[in-house]
Amino acid sequence: MVEKELDKQLKSILKGAEDVLILDELKILLAESIKSDKPLNIKLGLDPTAPDIHLGHMVVLTKLRQFQDLGHNATLIIGDYTARIGDPTGRSILRPSLSPEKIEENAKTYMKQAFKIIDESRTTVVKNSIWLEPLKFSEVLNITSRFTIARMLERDDFKKRFSGNLPITIMEFLYPLMQAYDSVAIRADVELGGTDQKFNLLMGRELQKEFGQKPQIAITMPILVGTDGSQKMSKSLGNYIGVNENPDEIYGKIMSIPDTVMIDYYNLLTNLSKKEISDIQVSIKDEGLNPVVVKRKLAYMIVERLYNKDFAKEAESNFNKIFKEKSIPDDVSEYIINKDDYPLGKIKITTFLSKTKLCSSNAEAKRLVEQGGLKIDGKKVSDINFELSLNDINFKVIQRGKRHFLKVIVK
RNA sequence: GGAGGGGUGCCCGAGUGGCCAAAGGGAGCAGACUGUAAAUCUGCCGGUUCACGCCUACAUAGGUUCAAAUCCUAUCCCCUCCA
(Lines give C-alpha, C1' and ligand atoms only; values in the text may rest on other atoms or scores of the structure.)
Protein backbone atom coordinates (compact mmCIF):
# COMPACT_ATOMS: atom_id res chain seq x y z
CA MET A 1 0.00 0.00 0.00
CA VAL A 2 2.74 2.38 1.02
CA GLU A 3 4.76 1.23 -1.97
CA LYS A 4 2.00 2.06 -4.38
CA GLU A 5 1.36 5.47 -2.91
CA LEU A 6 5.07 6.23 -2.85
CA ASP A 7 5.36 5.30 -6.47
CA LYS A 8 2.47 7.54 -7.41
CA GLN A 9 3.86 10.48 -5.47
CA LEU A 10 7.34 10.09 -6.87
CA LYS A 11 6.06 9.99 -10.42
CA SER A 12 4.19 13.20 -9.97
CA ILE A 13 7.03 14.94 -8.15
CA LEU A 14 9.74 13.96 -10.57
CA LYS A 15 7.82 14.94 -13.66
CA GLY A 16 9.54 17.83 -15.34
CA ALA A 17 12.02 18.28 -12.51
CA GLU A 18 15.58 18.99 -13.52
CA ASP A 19 17.33 17.77 -10.44
CA VAL A 20 16.50 16.28 -7.03
CA LEU A 21 19.06 16.53 -4.26
CA ILE A 22 19.03 13.93 -2.90
CA LEU A 23 16.60 11.50 -4.46
CA ASP A 24 17.12 8.70 -1.96
CA GLU A 25 16.51 11.04 0.92
CA LEU A 26 13.31 12.18 -0.75
CA LYS A 27 12.10 8.60 -1.02
CA ILE A 28 12.68 8.03 2.66
CA LEU A 29 10.99 11.25 3.58
CA LEU A 30 7.96 10.47 1.45
CA ALA A 31 7.70 6.96 2.78
CA GLU A 32 7.75 8.25 6.33
CA SER A 33 5.18 10.86 5.52
CA ILE A 34 2.87 8.29 3.99
CA LYS A 35 3.26 5.87 6.85
CA SER A 36 2.70 8.40 9.57
CA ASP A 37 0.15 10.32 7.52
CA LYS A 38 2.06 13.54 8.17
CA PRO A 39 2.30 15.96 5.28
CA LEU A 40 5.67 17.39 4.30
CA ASN A 41 6.47 21.06 4.53
CA ILE A 42 7.35 22.33 1.07
CA LYS A 43 9.12 25.65 0.88
CA LEU A 44 9.01 28.14 -1.91
CA GLY A 45 10.49 31.58 -1.60
CA LEU A 46 9.29 34.47 -3.71
CA ASP A 47 11.02 37.80 -3.84
CA PRO A 48 8.47 40.48 -4.53
CA THR A 49 10.82 42.51 -6.70
CA ALA A 50 8.30 42.96 -9.51
CA PRO A 51 4.54 43.20 -9.33
CA ASP A 52 3.69 40.50 -11.84
CA ILE A 53 4.24 36.83 -12.14
CA HIS A 54 4.38 35.00 -15.43
CA LEU A 55 4.45 31.45 -16.69
CA GLY A 56 8.12 31.19 -15.77
CA HIS A 57 7.15 31.50 -12.12
CA MET A 58 4.23 29.24 -12.79
CA VAL A 59 6.58 26.31 -13.40
CA VAL A 60 7.68 26.11 -9.83
CA LEU A 61 4.24 27.03 -8.52
CA THR A 62 2.81 24.19 -10.54
CA LYS A 63 5.26 21.82 -8.92
CA LEU A 64 4.22 23.14 -5.55
CA ARG A 65 0.60 22.59 -6.45
CA GLN A 66 1.38 19.01 -7.37
CA PHE A 67 2.79 18.50 -3.90
CA GLN A 68 -0.36 19.98 -2.43
CA ASP A 69 -2.52 17.70 -4.51
CA LEU A 70 -0.61 14.81 -2.99
CA GLY A 71 -1.58 16.05 0.44
CA HIS A 72 1.48 18.06 1.42
CA ASN A 73 1.60 21.57 2.79
CA ALA A 74 3.23 24.60 1.29
CA THR A 75 5.04 27.39 3.04
CA LEU A 76 5.31 30.36 0.82
CA ILE A 77 7.93 32.77 1.96
CA ILE A 78 7.55 36.33 0.93
CA GLY A 79 11.09 37.56 0.78
CA ASP A 80 10.29 41.04 1.94
CA TYR A 81 13.56 41.27 3.82
CA THR A 82 15.68 39.61 1.17
CA ALA A 83 14.08 41.76 -1.51
CA ARG A 84 15.80 44.71 0.07
CA ILE A 85 19.07 43.19 -1.04
CA GLY A 86 17.94 41.52 -4.20
CA ASP A 87 19.01 38.07 -5.26
CA PRO A 88 22.33 38.33 -7.09
CA THR A 89 21.61 35.06 -8.91
CA GLY A 90 22.47 35.35 -12.55
CA ARG A 91 23.15 39.00 -12.17
CA SER A 92 26.14 40.79 -13.46
CA ILE A 93 25.37 43.92 -11.53
CA LEU A 94 24.02 44.84 -8.14
CA ARG A 95 20.27 45.09 -8.06
CA PRO A 96 18.71 48.36 -7.14
CA SER A 97 17.11 48.04 -3.76
CA LEU A 98 13.40 48.49 -3.29
CA SER A 99 11.50 50.53 -0.79
CA PRO A 100 9.48 48.66 1.83
CA GLU A 101 6.25 50.18 0.50
CA LYS A 102 6.93 48.97 -2.99
CA ILE A 103 7.80 45.52 -1.68
CA GLU A 104 4.58 45.39 0.30
CA GLU A 105 2.59 46.38 -2.74
CA ASN A 106 4.29 43.82 -4.96
CA ALA A 107 3.77 41.12 -2.37
CA LYS A 108 0.03 41.69 -2.41
CA THR A 109 -0.41 41.30 -6.14
CA TYR A 110 2.05 38.43 -6.10
CA MET A 111 -0.02 36.41 -3.69
CA LYS A 112 -3.20 37.06 -5.54
CA GLN A 113 -1.65 35.73 -8.70
CA ALA A 114 0.10 32.82 -7.02
CA PHE A 115 -3.19 31.58 -5.64
CA LYS A 116 -4.45 31.16 -9.17
CA ILE A 117 -2.11 28.22 -9.28
CA ILE A 118 -1.60 26.92 -5.78
CA ASP A 119 -4.15 25.81 -3.21
CA GLU A 120 -4.68 28.55 -0.70
CA SER A 121 -6.09 26.21 1.94
CA ARG A 122 -2.89 24.22 2.08
CA THR A 123 -0.56 27.19 2.07
CA THR A 124 1.04 29.12 4.88
CA VAL A 125 2.32 32.52 3.90
CA VAL A 126 5.07 34.14 5.92
CA LYS A 127 7.38 37.05 5.48
CA ASN A 128 11.02 36.42 6.16
CA SER A 129 11.43 39.78 7.86
CA ILE A 130 9.76 38.11 10.84
CA TRP A 131 12.89 36.16 11.65
CA LEU A 132 15.55 38.03 9.71
CA GLU A 133 14.86 41.46 11.12
CA PRO A 134 15.36 40.61 14.81
CA LEU A 135 18.57 38.67 14.24
CA LYS A 136 21.38 39.97 16.39
CA PHE A 137 24.74 40.71 14.90
CA SER A 138 26.23 37.92 16.93
CA GLU A 139 23.75 35.51 15.42
CA VAL A 140 24.60 36.73 11.95
CA LEU A 141 28.24 36.13 12.74
CA ASN A 142 27.36 32.67 13.90
CA ILE A 143 25.74 31.93 10.57
CA THR A 144 28.48 33.49 8.47
CA SER A 145 31.21 31.65 10.35
CA ARG A 146 29.99 28.41 8.87
CA PHE A 147 30.76 29.29 5.27
CA THR A 148 33.89 30.30 3.45
CA ILE A 149 34.62 32.80 0.73
CA ALA A 150 35.95 30.02 -1.46
CA ARG A 151 32.63 28.23 -1.12
CA MET A 152 30.80 31.38 -2.12
CA LEU A 153 33.01 31.96 -5.09
CA GLU A 154 32.11 28.53 -6.40
CA ARG A 155 28.98 30.11 -7.57
CA ASP A 156 29.25 30.87 -11.23
CA ASP A 157 27.82 34.36 -11.19
CA PHE A 158 29.99 35.40 -8.26
CA LYS A 159 32.99 33.82 -9.89
CA LYS A 160 32.40 35.66 -13.12
CA ARG A 161 31.97 38.95 -11.40
CA PHE A 162 34.98 38.41 -9.23
CA SER A 163 37.28 37.45 -12.06
CA GLY A 164 35.79 40.14 -14.27
CA ASN A 165 36.61 42.78 -11.68
CA LEU A 166 32.98 43.60 -11.16
CA PRO A 167 31.90 44.58 -7.71
CA ILE A 168 30.36 42.06 -5.34
CA THR A 169 29.15 43.53 -2.10
CA ILE A 170 29.44 41.61 1.14
CA MET A 171 25.71 42.11 1.43
CA GLU A 172 25.20 40.06 -1.69
CA PHE A 173 27.26 37.29 -0.20
CA LEU A 174 24.81 37.27 2.61
CA TYR A 175 21.85 36.67 0.33
CA PRO A 176 22.23 32.90 -0.02
CA LEU A 177 22.72 32.67 3.73
CA MET A 178 19.53 34.52 4.40
CA GLN A 179 17.61 32.28 2.08
CA ALA A 180 19.23 29.31 3.77
CA TYR A 181 18.21 30.64 7.15
CA ASP A 182 14.61 30.79 5.94
CA SER A 183 14.75 27.02 5.55
CA VAL A 184 15.97 26.70 9.12
CA ALA A 185 13.28 29.04 10.39
CA ILE A 186 10.40 27.13 8.88
CA ARG A 187 11.98 23.68 9.11
CA ALA A 188 11.52 22.98 5.44
CA ASP A 189 11.43 19.38 4.26
CA VAL A 190 11.69 20.26 0.62
CA GLU A 191 12.58 23.47 -1.14
CA LEU A 192 11.66 24.24 -4.72
CA GLY A 193 13.38 26.58 -7.11
CA GLY A 194 14.61 27.11 -10.65
CA THR A 195 17.85 25.52 -11.74
CA ASP A 196 19.56 28.84 -11.12
CA GLN A 197 18.62 28.47 -7.47
CA LYS A 198 20.57 25.28 -6.95
CA PHE A 199 23.38 26.92 -5.01
CA ASN A 200 21.00 28.75 -2.70
CA LEU A 201 18.97 25.62 -2.09
CA LEU A 202 22.07 23.68 -1.18
CA MET A 203 23.11 26.37 1.26
CA GLY A 204 19.80 25.73 2.96
CA ARG A 205 20.73 22.09 3.38
CA GLU A 206 24.07 22.92 4.88
CA LEU A 207 22.77 25.47 7.29
CA GLN A 208 19.99 23.16 8.43
CA LYS A 209 22.58 20.53 9.21
CA GLU A 210 24.54 23.09 11.20
CA PHE A 211 21.42 23.83 13.18
CA GLY A 212 20.82 20.17 13.88
CA GLN A 213 17.91 19.81 11.49
CA LYS A 214 17.29 17.23 8.86
CA PRO A 215 18.52 18.79 5.59
CA GLN A 216 15.86 19.72 3.10
CA ILE A 217 15.52 18.10 -0.29
CA ALA A 218 16.26 20.55 -3.06
CA ILE A 219 14.19 20.18 -6.19
CA THR A 220 15.08 22.35 -9.13
CA MET A 221 12.88 23.01 -12.10
CA PRO A 222 14.09 23.87 -15.61
CA ILE A 223 13.90 27.43 -16.76
CA LEU A 224 10.95 28.04 -19.03
CA VAL A 225 11.77 29.63 -22.35
CA GLY A 226 9.71 32.58 -23.44
CA THR A 227 7.43 33.07 -26.43
CA ASP A 228 10.47 33.60 -28.63
CA GLY A 229 11.35 29.97 -28.02
CA SER A 230 14.96 30.55 -27.14
CA GLN A 231 15.55 32.84 -24.19
CA LYS A 232 14.47 32.53 -20.60
CA MET A 233 11.01 33.93 -20.05
CA SER A 234 11.37 37.30 -18.46
CA LYS A 235 9.64 40.57 -18.33
CA SER A 236 12.63 42.56 -19.43
CA LEU A 237 12.99 40.51 -22.59
CA GLY A 238 9.33 41.01 -23.37
CA ASN A 239 8.82 37.34 -24.15
CA TYR A 240 6.60 36.56 -21.21
CA ILE A 241 3.03 35.52 -20.64
CA GLY A 242 1.65 37.05 -17.46
CA VAL A 243 -0.76 35.02 -15.35
CA ASN A 244 -2.87 38.12 -14.97
CA GLU A 245 -3.29 38.78 -18.65
CA ASN A 246 -6.72 38.29 -20.11
CA PRO A 247 -7.70 34.84 -21.39
CA ASP A 248 -7.63 35.77 -25.08
CA GLU A 249 -4.16 37.16 -24.69
CA ILE A 250 -2.84 34.12 -22.84
CA TYR A 251 -4.42 31.75 -25.31
CA GLY A 252 -3.00 33.67 -28.25
CA LYS A 253 0.45 34.01 -26.79
CA ILE A 254 0.62 30.28 -26.15
CA MET A 255 -0.32 29.73 -29.77
CA SER A 256 2.61 31.88 -30.74
CA ILE A 257 5.27 29.77 -29.07
CA PRO A 258 7.35 27.75 -31.52
CA ASP A 259 6.31 24.12 -31.92
CA THR A 260 9.67 22.99 -30.62
CA VAL A 261 9.06 24.20 -27.09
CA MET A 262 5.47 23.01 -26.84
CA ILE A 263 6.39 19.79 -25.11
CA ASP A 264 8.43 21.65 -22.50
CA TYR A 265 5.38 23.69 -21.72
CA TYR A 266 3.35 20.51 -21.35
CA ASN A 267 5.91 19.07 -18.99
CA LEU A 268 6.33 22.11 -16.86
CA LEU A 269 2.92 23.70 -16.78
CA THR A 270 0.30 20.98 -16.98
CA ASN A 271 -0.66 18.06 -14.83
CA LEU A 272 -0.58 15.52 -17.61
CA SER A 273 1.58 12.55 -16.79
CA LYS A 274 4.85 11.77 -18.48
CA LYS A 275 3.16 8.94 -20.32
CA GLU A 276 0.36 11.11 -21.66
CA ILE A 277 2.87 13.67 -22.86
CA SER A 278 5.07 11.14 -24.59
CA ASP A 279 1.98 9.67 -26.24
CA ILE A 280 1.27 13.07 -27.69
CA GLN A 281 4.81 13.31 -29.01
CA VAL A 282 4.49 9.94 -30.66
CA SER A 283 1.20 10.89 -32.26
CA ILE A 284 2.70 14.00 -33.78
CA LYS A 285 5.74 12.20 -35.03
CA ASP A 286 4.33 8.91 -36.23
CA GLU A 287 0.63 9.35 -36.68
CA GLY A 288 0.57 12.69 -38.36
CA LEU A 289 -1.26 14.46 -35.58
CA ASN A 290 -1.33 18.14 -36.43
CA PRO A 291 0.80 20.06 -33.93
CA VAL A 292 -1.65 22.92 -33.95
CA VAL A 293 -4.22 20.68 -32.29
CA VAL A 294 -1.76 19.94 -29.53
CA LYS A 295 -0.90 23.56 -29.09
CA ARG A 296 -4.55 24.51 -28.88
CA LYS A 297 -5.05 21.98 -26.18
CA LEU A 298 -2.14 23.44 -24.27
CA ALA A 299 -3.45 26.97 -24.61
CA TYR A 300 -6.86 25.78 -23.46
CA MET A 301 -5.48 23.97 -20.43
CA ILE A 302 -3.43 26.90 -19.29
CA VAL A 303 -6.29 29.36 -19.55
CA GLU A 304 -8.43 26.87 -17.70
CA ARG A 305 -5.84 26.63 -14.95
CA LEU A 306 -5.56 30.36 -14.57
CA TYR A 307 -9.23 31.13 -15.01
CA ASN A 308 -11.85 28.44 -15.60
CA LYS A 309 -13.48 26.32 -18.23
CA ASP A 310 -15.81 29.00 -19.50
CA PHE A 311 -13.05 31.49 -20.09
CA ALA A 312 -10.99 28.82 -21.79
CA LYS A 313 -13.85 27.98 -24.12
CA GLU A 314 -14.42 31.58 -24.93
CA ALA A 315 -10.75 32.23 -25.60
CA GLU A 316 -10.72 29.23 -27.89
CA SER A 317 -13.75 30.34 -29.81
CA ASN A 318 -12.43 33.87 -30.18
CA PHE A 319 -9.18 32.51 -31.50
CA ASN A 320 -11.08 30.40 -34.02
CA LYS A 321 -13.15 33.34 -35.11
CA ILE A 322 -10.15 35.53 -35.72
CA PHE A 323 -7.77 33.07 -37.30
CA LYS A 324 -9.81 30.29 -38.76
CA GLU A 325 -12.90 32.05 -39.94
CA LYS A 326 -11.17 35.40 -40.14
CA SER A 327 -14.25 36.99 -38.68
CA ILE A 328 -14.89 39.18 -35.70
CA PRO A 329 -14.82 37.89 -32.12
CA ASP A 330 -17.84 38.09 -29.84
CA ASP A 331 -16.79 40.60 -27.29
CA VAL A 332 -15.21 43.57 -28.97
CA SER A 333 -14.35 46.52 -26.81
CA GLU A 334 -16.25 49.67 -27.62
CA TYR A 335 -15.20 53.17 -28.42
CA ILE A 336 -17.68 55.90 -27.80
CA ILE A 337 -17.52 58.82 -30.13
CA ASN A 338 -19.26 62.03 -29.26
CA LYS A 339 -21.21 63.60 -32.09
CA ASP A 340 -20.81 67.09 -30.68
CA ASP A 341 -17.05 66.95 -31.05
CA TYR A 342 -17.38 66.68 -34.80
CA PRO A 343 -19.74 69.37 -36.12
CA LEU A 344 -18.98 68.37 -39.70
CA GLY A 345 -20.26 64.89 -39.00
CA LYS A 346 -17.15 63.20 -40.26
CA ILE A 347 -13.67 62.32 -39.17
CA LYS A 348 -10.53 61.47 -41.06
CA ILE A 349 -9.58 57.85 -40.81
CA THR A 350 -6.01 58.57 -39.72
CA THR A 351 -6.98 60.93 -36.92
CA PHE A 352 -9.61 58.45 -35.86
CA LEU A 353 -7.07 55.65 -35.61
CA SER A 354 -4.63 57.65 -33.55
CA LYS A 355 -7.40 59.05 -31.38
CA THR A 356 -8.66 55.59 -30.50
CA LYS A 357 -5.09 54.49 -29.73
CA LEU A 358 -5.43 51.79 -32.35
CA CYS A 359 -2.36 53.49 -33.77
CA SER A 360 0.14 55.50 -31.78
CA SER A 361 0.45 58.37 -34.23
CA ASN A 362 -1.04 59.72 -37.43
CA ALA A 363 2.02 58.57 -39.29
CA GLU A 364 1.55 55.04 -38.04
CA ALA A 365 -2.12 55.16 -38.98
CA LYS A 366 -1.21 56.27 -42.45
CA ARG A 367 1.24 53.42 -42.81
CA LEU A 368 -1.32 50.94 -41.58
CA VAL A 369 -3.89 52.04 -44.14
CA GLU A 370 -1.37 52.11 -46.95
CA GLN A 371 -0.24 48.61 -46.12
CA GLY A 372 -3.76 47.29 -46.23
CA GLY A 373 -4.08 46.58 -42.55
CA LEU A 374 -7.33 48.37 -41.94
CA LYS A 375 -10.80 46.92 -42.25
CA ILE A 376 -14.13 48.46 -41.50
CA ASP A 377 -16.83 45.88 -40.95
CA GLY A 378 -14.64 43.34 -42.66
CA LYS A 379 -14.02 45.47 -45.73
CA LYS A 380 -10.53 46.66 -46.46
CA VAL A 381 -10.04 50.40 -46.64
CA SER A 382 -6.80 51.52 -48.22
CA ASP A 383 -7.43 55.18 -48.99
CA ILE A 384 -5.60 57.31 -46.47
CA ASN A 385 -7.90 60.22 -47.17
CA PHE A 386 -10.97 58.20 -46.33
CA GLU A 387 -13.36 59.98 -44.05
CA LEU A 388 -15.69 58.26 -41.65
CA SER A 389 -19.18 59.61 -41.64
CA LEU A 390 -20.61 59.55 -38.15
CA ASN A 391 -24.02 58.67 -39.48
CA ASP A 392 -23.07 55.31 -40.81
CA ILE A 393 -20.29 54.05 -38.61
CA ASN A 394 -22.43 53.48 -35.54
CA PHE A 395 -21.91 49.88 -34.33
CA LYS A 396 -19.40 49.18 -37.04
CA VAL A 397 -16.24 47.31 -36.17
CA ILE A 398 -12.89 48.81 -37.01
CA GLN A 399 -10.16 46.23 -37.39
CA ARG A 400 -6.44 46.91 -37.23
CA GLY A 401 -4.35 44.08 -38.52
CA LYS A 402 -5.50 40.60 -37.70
CA ARG A 403 -6.31 40.90 -34.11
CA HIS A 404 -7.28 44.33 -32.92
CA PHE A 405 -10.92 45.25 -32.99
CA LEU A 406 -12.94 48.21 -31.85
CA LYS A 407 -16.67 48.74 -32.07
CA VAL A 408 -17.70 52.32 -32.64
CA ILE A 409 -20.63 53.75 -30.76
CA VAL A 410 -21.83 57.18 -31.84
CA LYS A 411 -23.51 59.27 -29.20
C1' G B 1 45.02 60.15 -6.43
C1' G B 2 47.17 59.26 -11.71
C1' A B 3 46.57 57.49 -16.91
C1' G B 4 43.36 55.91 -20.66
C1' G B 5 38.52 54.40 -23.05
C1' G B 6 33.43 55.40 -23.57
C1' G B 7 27.97 57.42 -23.24
C1' U B 8 24.16 57.03 -30.51
C1' G B 9 16.99 55.81 -31.93
C1' C B 10 12.62 50.74 -27.78
C1' C B 11 17.39 47.45 -27.15
C1' C B 12 22.28 46.05 -29.17
C1' G B 13 25.53 48.52 -32.30
C1' A B 14 28.19 51.18 -36.86
C1' G B 15 29.28 56.04 -37.95
C1' U B 16 34.77 60.71 -36.43
C1' G B 17 32.77 67.92 -40.17
C1' G B 18 28.32 68.19 -45.30
C1' C B 19 25.82 62.56 -49.27
C1' C B 20 22.88 61.46 -41.41
C1' A B 21 16.31 60.87 -39.30
C1' A B 22 21.89 58.26 -38.79
C1' A B 23 24.50 51.34 -41.57
C1' G B 24 23.45 46.44 -39.60
C1' G B 25 20.89 43.25 -36.18
C1' G B 26 16.98 42.39 -32.59
C1' A B 27 12.18 43.84 -30.94
C1' G B 28 7.60 45.91 -32.86
C1' C B 29 3.80 46.73 -36.82
C1' A B 30 1.51 45.37 -41.57
C1' G B 31 0.98 42.12 -45.91
C1' A B 32 1.51 37.21 -48.34
C1' C B 33 1.58 32.20 -47.21
C1' U B 34 0.17 28.55 -43.48
C1' G B 35 -1.50 24.44 -39.13
C1' U B 36 -1.22 29.08 -35.22
C1' A B 37 -0.06 35.36 -32.97
C1' A B 38 4.97 29.02 -35.39
C1' A B 39 8.38 29.04 -39.60
C1' U B 40 9.37 31.55 -44.20
C1' C B 41 9.11 35.69 -47.57
C1' U B 42 7.96 41.10 -48.50
C1' G B 43 7.25 46.00 -46.82
C1' C B 44 7.23 49.59 -42.89
C1' C B 45 9.58 51.13 -38.58
C1' G B 46 10.82 59.73 -34.66
C1' G B 47 6.74 63.51 -35.17
C1' U B 48 3.91 66.67 -38.34
C1' U B 49 2.28 67.42 -43.51
C1' C B 50 -1.66 65.25 -49.44
C1' A B 51 3.23 66.82 -50.56
C1' C B 52 7.82 70.38 -50.83
C1' G B 53 9.16 71.14 -46.16
C1' C B 54 9.35 71.94 -41.07
C1' C B 55 10.25 70.28 -36.02
C1' U B 56 12.59 66.92 -32.50
C1' A B 57 16.85 63.49 -31.78
C1' C B 58 23.29 60.92 -31.29
C1' A B 59 24.65 61.95 -22.15
C1' U B 60 23.89 67.56 -20.45
C1' A B 61 25.03 72.84 -21.15
C1' G B 62 27.60 76.19 -23.98
C1' G B 63 30.99 77.36 -28.19
C1' U B 64 33.68 77.10 -33.24
C1' U B 65 31.73 76.66 -38.37
C1' C B 66 28.08 78.48 -44.17
C1' A B 67 27.44 73.31 -42.07
C1' A B 68 28.43 69.22 -35.97
C1' A B 69 26.51 62.63 -33.72
C1' U B 70 31.33 63.93 -35.56
C1' C B 71 35.83 69.67 -33.58
C1' C B 72 36.50 72.74 -28.73
C1' U B 73 35.15 73.90 -23.36
C1' A B 74 32.64 72.69 -18.94
C1' U B 75 29.48 69.27 -16.32
C1' C B 76 27.30 64.44 -15.14
C1' C B 77 27.60 59.16 -15.60
C1' C B 78 30.02 54.33 -16.89
C1' C B 79 34.35 51.23 -17.71
C1' U B 80 39.75 49.70 -17.79
C1' C B 81 44.71 49.96 -15.95
C1' C B 82 48.12 51.83 -12.14
C1' A B 83 48.34 53.48 -6.86
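Quick note on labels: first sequence line is chain A, next is B, and so on, each numbered from 1.
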[options]: which one has an atom nearest the side-chain heavy atoms of [X]?
{"X": "A:Lys348", "options": "B:rG31, B:rC29, B:rC50", "result": "B:rC50"}
{"X": "A:Ala363", "options": "B:rU48, B:rU36, B:rA37", "result": "B:rU48"}
{"X": "A:Phe323", "options": "B:rA37, B:rA38, B:rC50", "result": "B:rA37"}
{"X": "A:Arg400", "options": "B:rA37, B:rA30, B:rG35", "result": "B:rA30"}

Evaluate the criterion side-chain hydrogen bond (donor to acceptor under 3.5 Å, both in side chains) for residue pair A:Thr195 and A:Glu18; output intermediate values, then yes/no.
CA-CA 7 Å; A:Thr195 48; A:Glu18 172 92 15; 5.7 Å; no
Could you state the atom-to-atom distance from [atom1] of [X] to [atom2] of [N] in whole Å?
{"X": "A:Gln399", "N": "B:rG31", "atom1": "CD", "atom2": "C1'", "answer": "13 Å"}
{"X": "A:Ile257", "N": "B:rG35", "atom1": "CD1", "atom2": "P", "answer": "19 Å"}
{"X": "A:Asn318", "N": "B:rA37", "atom1": "CG", "atom2": "C1'", "answer": "14 Å"}
{"X": "A:Ile302", "N": "B:rU36", "atom1": "CD1", "atom2": "P", "answer": "20 Å"}
{"X": "A:Asp228", "N": "B:rG26", "atom1": "CG", "atom2": "P", "answer": "13 Å"}
{"X": "A:Ile322", "N": "B:rA30", "atom1": "CD1", "atom2": "C1'", "answer": "16 Å"}
{"X": "A:Leu358", "N": "B:rG28", "atom1": "CG", "atom2": "P", "answer": "19 Å"}
{"X": "A:Lys402", "N": "B:rG35", "atom1": "NZ", "atom2": "P", "answer": "14 Å"}

[atom1] gap between [N] and [M], integer Å:
{"N": "B:rG2", "M": "B:rC12", "atom1": "P", "value": "31 Å"}
{"N": "B:rG28", "M": "B:rC11", "atom1": "P", "value": "15 Å"}
{"N": "B:rG15", "M": "B:rG7", "atom1": "P", "value": "10 Å"}
{"N": "B:rG53", "M": "B:rG17", "atom1": "C1'", "value": "25 Å"}
{"N": "B:rU48", "M": "B:rC41", "atom1": "C1'", "value": "33 Å"}
{"N": "B:rU73", "M": "B:rU64", "atom1": "C1'", "value": "10 Å"}
{"N": "B:rG6", "M": "B:rA69", "atom1": "C1'", "value": "14 Å"}
{"N": "B:rC29", "M": "B:rC78", "atom1": "P", "value": "35 Å"}

Is there a Watson-Crick or G-U wobble partner for [N] with both distances under 3.5 Å, and which nucleotide is it?
{"N": "B:rC44", "answer": "B:rG28"}
{"N": "B:rA67", "answer": "none"}
{"N": "B:rA37", "answer": "none"}
{"N": "B:rA61", "answer": "B:rU73"}
{"N": "B:rC50", "answer": "none"}
{"N": "B:rC19", "answer": "none"}

Below 4.0 Å: OP1/OP2 of [N] and any side-chain N or O of [X]:
{"X": "A:Ser361", "N": "B:rG46", "result": "no"}
{"X": "A:Lys366", "N": "B:rA51", "result": "yes"}
{"X": "A:Arg367", "N": "B:rC29", "result": "no"}

Could you check whether [X] gets within reach of a base, just the sugar-phosphate, or nothing at all, counting any heavy atom under 4.0 Å?
{"X": "A:Arg296", "value": "nothing"}
{"X": "A:Asn362", "value": "sugar-phosphate"}
{"X": "A:Pro258", "value": "sugar-phosphate"}
{"X": "A:Gly252", "value": "base"}
{"X": "A:Asp248", "value": "base"}
{"X": "A:Lys380", "value": "nothing"}

Tell me which of A:Glu370 and A:Val292 sits closer to the 5' end of RNA chain B, going by the nucleotide each one is nearest to.
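Result of the comparison: A:Val292.
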Pick the closest RNA chain B nucleotide for A:Lys295 and for A:Thr351 by heavy atoms, then say which residue is nearer the 5' end.
A:Lys295
Axial cation check for A:Phe67 ring with A:Arg122, 6.0 Å and 45° limits:
no
A:Glu120 atom CD, over 12 foreign heavy atoms within 6.0 Å
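No, the 6.0 Å shell around CD holds no more than 12 heavy atoms from other groups.
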Residue from A:Thr124, A:Asn41, A:Asp189 passing side-chain hydrogen bond (donor to acceptor under 3.5 Å, both in side chains) with A:Thr75:
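It is A:Asn41, the one option of A:Thr124, A:Asn41, A:Asp189 that forms the side-chain hydrogen bond (donor to acceptor under 3.5 Å, both in side chains) with A:Thr75.
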Is there a donor-acceptor contact under 3.5 Å linking the side chains of A:Lys11 and A:Ser273?
no
How about A:Lys116 and A:Gln113: does a side-chain donor come under 3.5 Å of a side-chain acceptor?
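No donor-acceptor contact under 3.5 Å links the two side chains.
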Parallel, tilted or perpendicular: which one describes the rings of A:Tyr181 and A:Phe211, with boundaries at 30° and 60°?
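It falls in the perpendicular class, over 60°.
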Please identify which of these residues, A:Val125, A:Asn106, A:Asn128, meets the side-chain contact (heavy atoms from CB on, under 4.5 Å) condition with A:Ile78.
A:Val125
Would you say the base of B:rG43 and the side-chain of A:Gln371 have a donor-acceptor pair closer than 3.5 Å?
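Answer is yes: a donor-acceptor pair is held.
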